[in-house]
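Data first, discussion second: the structure below is written as structure tokens.
Chain letters run A, B, ... following the sequence lines, proteins first, then strands; residues in each count from 1.
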There are 2 protein chains.
Amino acid sequence: MMDAKKVTALLRKKGFKVTPQRLAIYNVLCNTKAHPNAEMIFNKLQPYYPTMSLATIYKTIDILKEIGLIQVINVGEDSLRYDAVVELHPHIRCTVCNKVEDIMQFDFSPAIKAVAENTSYDLSGQQFYFYGVCPECQAKSNLKIG
Amino acid sequence: MMDAKKVTALLRKKGFKVTPQRLAIYNVLCNTKAHPNAEMIFNKLQPYYPTMSLATIYKTIDILKEIGLIQVINVGEDSLRYDAVVELHPHIRCTVCNKVEDIMQFDFSPAIKAVAENTSYDLSGQQFYFYGVCPECQAKSNLKIG
DNA sequence: TTTTCTGCAAACCATTTGCATCATC
DNA sequence: GATGATGCAAATGGTTTGCAGAAAA
């Protein structure tokens with residue numbers, strides 16, 4: 001569900017050219033909840049853009065980040081993940097299958113506000129990461145034991 | 001203020017040998033609030049252990065992590081930082097001077113409890129990172145403008 | 001004496017960069 | 001046609017690994 005017009009307009013406005021590669025990369029991020037890293041985006045696009053390189057993905061990610069269309073997620077893996085949902089929300093990573101999901105059930109804004117009011121820093125952002133075992137991996141683990 | 005006896009006993013108990021390098025590295029982490037990365041530890045020890053290598057620092061960090069004496073801090077830099085305070089507490093990084101400090105003014109345990117009760121994950125840990133400009137860098141910035 | 005550790009050098013791997021060619025405008 | 005983008009290949013840099021000599025148990 002990408003609003004292609006919006007991306008196109010924003011890229012142009014910020015002085016970047018509009019290319020099929022850039023639209024495709026943003027499109028992948030808009031149509032997944034998997035929070036993919038560069039290689040996952042690369043693999044997803046491989047069948048349709050067989051000549052696209054990882055370098056192009058990294059360069060495009062830099063631009064999308066700069067113009068505020070995506071955010072970077074650093075859940076303590078070797079690689080970074082990317083999210084087209086730029087609104088603040090915590091993430092949780094399964095320590096067994098490494099899947100990364102959004103946490104929406106709890107609103108952290110009061111906590112963040114409290115920190116902002118009690119620190120001498122001029123706050124500009126924050127990231128909350130949770131770690132645990134997802135329901136699917138719990139089930140698999142129970143099967144093995146039971 | 002490292003409790004050398006405690007480290008020594010714990011290393012032995014877990015089947016690791018006690019070496020001056022290991023004690024020194026843990027000692028550095030116990031006596032700083034700077035949340036150093038491997039290179040900062042290396043530089044700190046350089047005058048006293050001129051032959052110590054970065055490889056030894058990384059290997060020691062792995063062990064200290066494994067036996068629960070330190071925690072890893074991933075504030076979105078190129079390198080990881082380490083903290084001898086293993087109790088949960090949020091960290092804040094100055095986006096100007098890159099200093100990393102503890103946040104102690106606010107208790108996140110109620111928020112974490114709420115997430116634990118509302119997620120289908122079996123929670124094992126979490127990390128909260130804040131970003132902003134520290135008071136010192138704010139002052140410097142004001143000088144330049146004013 | 002046995003086992004594990006240190007420290008050098010080489011390997012690793014996600015990400016970045018340089019550059020010639022190519023697409024967008 | 002001018003400018004900026006792509007994609008290959010090489011570079012980068014934090015971290016890891018292999019291994020011979022050294023220290024701990």
task = Before giving the answer on side-chain contact (heavy atoms from CB on, under 4.5 Å), spell out for A/Gln127 and B/Phe130 the whole-Å C-alpha distance, their side-chain angles and the decisive distance to 0.1 Å.
result = CA-CA 6 Å; A/Gln127 289 290 351; B/Phe130 289 84; over 6 Å; no

Salt bridge or not for [X] and [Y], using N-O below 4.0 Å?
X: A/Asp62; Y: A/Lys65; answer: yes
X: A/Glu117; Y: A/Lys113; answer: no
X: B/Lys99; Y: B/Glu136; answer: yes

Less than 4.5 Å apart, any side-chain heavy atom of [X] and any of [Y]?
X: A/Thr95; Y: A/Val133; value: yes
X: A/Val18; Y: A/Phe16; value: no
X: A/Leu88; Y: A/Ile112; value: yes

Specify the separation, in whole Å, of atom [atom1] of [X] and atom [atom2] of [N].
X: A/Leu11; N: C/dA23; atom1: CG; atom2: C1'; answer: 15 Å
X: B/Ile25; N: C/dC5; atom1: CD1; atom2: C1'; answer: 12 Å
X: B/Asp78; N: C/dT15; atom1: CG; atom2: P; answer: 11 Å
X: B/Leu45; N: C/dG7; atom1: CG; atom2: C1'; answer: 15 Å
X: B/Phe16; N: C/dC5; atom1: CZ; atom2: C1'; answer: 12 Å

task = Look up atom NE2 in B/His91 and atom CD in B/Gln71, then write down how far apart they are to the nearest 0.5 Å.
result = 5.5 Å

Ring centre gap for B/Phe42 and B/Tyr58 strictly below 6.0 Å =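 So the answer is no for these two rings.
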
query = Are A/Phe106 and A/Phe108 close enough that their ring centres sit under 6.0 Å apart?
reply = yes

Side-chain N or O of B/Gln21 closer than 4.0 Å to phosphate OP1/OP2 of C/dG7 = yes

query = To the nearest 10 degrees, what angle separates the axes at the start and end of the helix from C/dT1-D/dA25 to C/dC25-D/dG1, five pairs each?
reply = 30°

remark   = DNA chain D nearest-nucleotide lookup for A/Thr19 and B/Glu39: closer to the 5′ end is A/Thr19

key: Range on DNA chain D touched by chain A, heavy atoms, distance below 4.0 Å   = D/dT3 to D/dC8

Audit row: A/Ile92, A/Tyr131, side-chain contact (heavy atoms from CB on, under 4.5 Å) steps and yes/no = CA-CA 6 Å; A/Ile92 186 161; A/Tyr131 304 92; over 6 Å; no

ask   = For DNA chain C, which residues in residues 47-67 of chain B have a heavy atom at a distance below 4.0 Å?
value =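 Only B/Thr51, B/Met52, B/Ser53, B/Ala55, B/Thr56, B/Lys59 qualify.
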
